[in-house]
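Take a look at the structure below.
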Amino acid sequence: MKPRFITLEGGEGVGKTTNLAFMESYLRTRGVDLVRTREPGGTPLGECIRGLLLDSGTMTGATELLLVFAARAQHLNEVIRPALAAGQWVLCDRFTDASYAYQGGGRDLDTKVIGFLEQWVQDGLQPDLTLLLDTPIEIGMSRAKERGVTDRFESEHLGFFEKVRMAYLDRAEQYPDRIRRVDASGSLEQVQAGIAVHLEQLLTRSV
Ligand code: TMP
């Protein structure tokens with residue numbers, strides 16, 4: 001099987017953690033050798049950068065964007081490219097679509113700048129499949145609040161998350177072959193059935 005690069009995206013409280021575990025076990029059951037990782041993070045340096053991003057006080061949008069790409073450059077070099085080269089699949093909790101959604105949408109940063117960084121750091125590498133867990137903001141936010149912990153992003157206002165969601169949906173429209181929207185407002189069984197359809201398609205894809 002050709003090694004695949006899969007990313008999972010979505011706003012706050014969409015159930016990424018639970019569904020990522022489901023995806024991992026679904027793929028492992030099908031005999032896939034995979035590396036599960038996350039952004040920002042995934043390397044010792046990337047995890048330090050994650051700490052800065054989530055726990056610092058105020059930060060300019062430009063600082064934020066450069067930090068996520070700094071972590072990504074390291075992650076690609078240390079984890080993602082070596083795993084794919086070794087024939088392993090990569091399952092990543094968030095990737096560059098999150099930069100378009102949070103920094104481009106949420107922070108209103110110029111997407112041309114994001115595109116430049118994307119090209120520079122990724123050099124053409126894109127996920128084979130991105131699942132976008134999507135739910136109305138109110139549902140996601142109330143689930144996130146139940147979790148109790150609030151980091152620098154989670155403490156943003158509703159308007160910020162509306163813009164994040166819109167930017168994600170725009171991306172899904174722009175890249176319909178790669179980004180598949182999964183309705184995350186239903187029951188866990190429904191959401192996971194939706195995810196499984198896309199994983200099956202990828203498992204049986206010949207190119
Ligand atoms: P999470 O992994 O718990 O969702 O937290 C990561 C946070 O980082 C999340 O609020 C979204 C944010 N983020 C960005 O703003 N830009 C990015 O490029 C990535 C990967 C994450």
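Hydrogens, waters and symmetry mates play no part in the numbers below; they use all other heavy atoms, side chains included. In listed order, ligands and their atoms are each counted from 1. This chain uses plain numbering: 1 for the first residue, then up along the sequence.
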Checklist entry - Is F95 reachable from M23 through a run of I, L, V, M, F, W or Y residues, each pair having side-chain heavy atoms under 4.5 Å apart? => result no
Item to check | salt bridge (Lys or Arg N to Asp or Glu O under 4.0 Å) assessment of E200 paired with R30 | outcome: CA-CA 10 Å; E200 254 338 290; R30 297 293 303 272; 2.3 Å; yes
Checklist entry - Using the benzene-type ring in the case of Trp, are the ring centres of Y100 and Y168 under 6.0 Å apart? => result no
Checklist entry - Under 3.5 Å, is there a donor-acceptor pair between the R72 and S99 side chains? => result yes
Next on the checklist: Any carboxylate oxygen within less than 4.0 angstrom of a Lys/Arg side-chain nitrogen, looking at R152 and E64?
Outcome noted: yes
Next on the checklist: Under 3.5 Å, is there a donor on one side chain and an acceptor on the other for T63 and T60?
Outcome noted: yes
Checklist entry - Name the residues with a heavy atom less than 4.0 Å from ligand 1? => result E12, K16, E39, P40, R50, L54, V68, R72, R94, F95, A98, S99, Y102, Q103, F153
